[in-house]
*Asks:* 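First, the structure itself, so that you have it in front of you.
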Amino acid sequence: MEKLLVFGFVAVNLVSPWLIGELYPFTISPMFCDEPTQCCDFEAFAADGTPIPLESIGLQRNYDGNPVGLGVGLVPPYTLDQFGELPTDEEVRDHVEKQLLAHPEWESIRVVIKTIGEIDSQHVGVIEDKTRVVTVALEDINVDTTDSSLEILEQDESAQSSREESLLGHFSEVTKS
Amino acid sequence: MRFWEKWFELRTPRFGVLTTWFFCVIAMILASLPIDHQVGERLGAGSVFGFLPVELLQSTWLYHSARVVLFLSALLWACYRAVPWSSWLTAIAFTLVWSLRMENTSHAAHIFNASNMLIFIHAMWFHFYRRPIRDSIRERRFWTSQTYPEWVFQLSLFYLCWFHTWAGLTKIQESGFDWGNGLSLQIWVYLWGAKQSPTTQLLLSSRTLTRLLQTGALIFETTAILGIFSKWFRWIVGFNLLGFYLGVLTTFIGYGFHINAILVALFLLPTRELIMRWEKSRENQTSRSEGQQIPIPQQPAQNF
């Protein structure tokens, strides 16, 4: 029995990365396995210059070095931020418009998008000439009802879920390959 | 002799007791962490307890009960009470507490996986050797008794090496051999490094240096499994991994890799060899003072 458990422990742990993958306490140790070359940092402000918490408008960074959504029980909160990718101005504008409709307490939202990446051959930092500002005012948004905006938000969240499922599927393939 | 036959040789238990007490302390620390259940849409199983009904997974009552059981069982185990029930309860409650945390969060953390697996190994030790351990305690010869099977150390070593090898393999699988290009590490350090830390400043000052360190970390992580075949390689990997952890801990202050760093120091560095050497010198001193012939010291187990 003793030998069985000892060699069983070895056997289970040898095959677990392929057969079980990321399921606590089993793990494929995926911390910092990606290779970002740039990322963006959001700041958001109301019309009067008050900072807006990024979590409240889906611009927070979910990524913390671990692949988002891997090995956890809950869907990560919705965000536009996909670490390592830079959204276009249009994508930010579309996203903020939907958020603004869901948060009519703000007249407008100004988003500063800073790009963090290589500034020379030895250093990283904010690439100043890539910093962008997108401002969206509630009065400029052309929609009929708030309900439709919520529908758009729901669609967006479902798109986020699909992206996460795709990521999980990718890691599942990694562990099986 | 086949290499695995050496796994069932017996040693004195001092090193095993040290590591067991360490795990009991870790278990009590985990039991003391406050509840951090988030609310959100269910994604799927994040742990081996993910099969439980959602109501149970989200139950604060279950979480707090598991914490209490974990704390008490770890305390009992550390005092060698109610063994092997206390050791198995510690292992199961430890898994349950952190599993419930992973089931109720959207942010993963890999700070307890290694401890969890090594606690299981130590629980197995106390299960299979409970009688000789109990007898040696009753006869007041516990510290000199041969009650620590070599497989406890070798399994722990195997798991730690395999854990780090997979960290390297996942990086290569996901990003290729160019993972250690220095740029990604500088971005992570820029975002999350403690601004006042000297290592943060150092890593941000030179990509050449960062590339060297990142590539070195990838090499030593990926080849860590070779540490089970050679004592010298184990020490080399151990020193480098410990250096890597010290770099991580002094740069990313909020990241909880302290336990993994201590585990590397305990099992991959010559910690056990030092304890065995100290035991031998103590034994020799005792023999001399009693005017007895100095016994030939037992050879430490060779790595297979």
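We use all heavy atoms of the structure for the numbers below, so side chains are in, but hydrogens, waters and symmetry mates are not. Residue numbers start from 1 in every chain, and the chains themselves are labelled A, B, ... in the order their sequence lines are given, proteins ahead of strands.
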*Asks:* Counting only non-hydrogen atoms closer than 4.5 Å, does A:V12 touch chain B with its backbone (N, CA, C, O), its side chain (CB onward), both, or neither?
*Replies:* neither
*Asks:* Counting only non-hydrogen atoms closer than 4.5 Å, does B:V39 touch chain A with its backbone (N, CA, C, O), its side chain (CB onward), both, or neither?
*Replies:* backbone
*Asks:* Heavy-atom pairs under 4.5 Å with chain B: which of A:F32, A:Y63, A:F9 has the most?
*Replies:* A:F32
*Asks:* Report which part of B:H107 has an atom under 4.5 Å of a heavy atom belonging to chain A: side chain, backbone, both, or neither.
*Replies:* both
*Asks:* Of the listed residues (A:G117, A:S121, A:G84, A:C39), which shares the most heavy-atom pairs with chain B below a 4.5 Å separation?
*Replies:* A:S121
*Asks:* Out of B:L57, B:L169, B:I121, return the one with the most heavy atom pairs under 4.5 angstrom to chain A.
*Replies:* B:I121
*Asks:* On the six-membered ring of B:Y190, is B:K195 placed so that its NZ or CZ lies under 6.0 angstrom from the centre and within 45° of the ring axis?
*Replies:* yes
*Asks:* Top residue by heavy-atom pair count (under 4.5 Å) with chain B, among A:D64, A:N66, A:V6, A:N13?
*Replies:* A:V6
*Asks:* Find the one option among B:D178, B:L218, B:L209, B:N181 whose heavy-atom pairs under 4.5 Å with chain A are most numerous.
*Replies:* B:D178
*Asks:* If you count heavy-atom pairs under 4.5 Å between each of B:L155, B:V189, B:I172 and chain A, which one has the most?
*Replies:* B:L155
*Asks:* Of all of B:T210, B:L185, B:N104, B:L191, which one pairs up most often with chain A through heavy atoms under 4.5 Å apart?
*Replies:* B:L191
*Asks:* Pair B:F94, B:F112 - check ring-ring contact (aromatic ring centres under 6.0 Å, His included), show working.
*Replies:* CA-CA 9 Å; B:F94 192 99; B:F112 286 115; 5.6 Å; yes
*Asks:* Between A:D34, A:L5, A:T37, who has the most heavy-atom pairs with chain B when the cutoff is under 4.5 Å?
*Replies:* A:D34
*Asks:* Taking the six-membered ring for Trp and the full ring for Phe, Tyr or His, determine whether the centres of B:Y245 and B:H164 are under 6.0 Å apart.
*Replies:* yes
*Asks:* Applying salt bridge (Lys or Arg N to Asp or Glu O under 4.0 Å), which residue pairs with at least one partner in residues 42-52 of chain B are found, sequence neighbours left out?
*Replies:* B:R42-B:E103
*Asks:* Does any heavy atom of chain A fall under 4.5 Å from the side chain of B:W179, the backbone, both, or neither of them?
*Replies:* both
*Asks:* Hey, is B:E221 close enough to B:K171 for a salt bridge, meaning N to O under 4.0 Å?
*Replies:* yes
*Asks:* If you count heavy-atom pairs within less than 4.5 Å of chain B, which of A:M1, A:H123, A:Q38 leads?
*Replies:* A:H123
*Asks:* If we ignore angles and hydrogens, is there a donor and acceptor under 3.5 Å between the side chains of A:S29 and B:T170?
*Replies:* no
*Asks:* State, without any angle test, whether A:T79 and A:N62 hold a side-chain donor-acceptor pair at a distance under 3.5 Å.
*Replies:* no
*Asks:* Does A:E2 use its side chain to pair, donor to acceptor, with the backbone of B:Y129 at less than 3.5 Å?
*Replies:* no
*Asks:* Taking atom types as modelled, is there a side-chain donor on B:R101 or B:Y63 under 3.5 Å from an acceptor on the other?
*Replies:* yes
*Asks:* Tell me, for B:M124 versus chain A, whether the close heavy atoms (under 4.5 Å) come from the side chain, the backbone, both or neither.
*Replies:* side chain
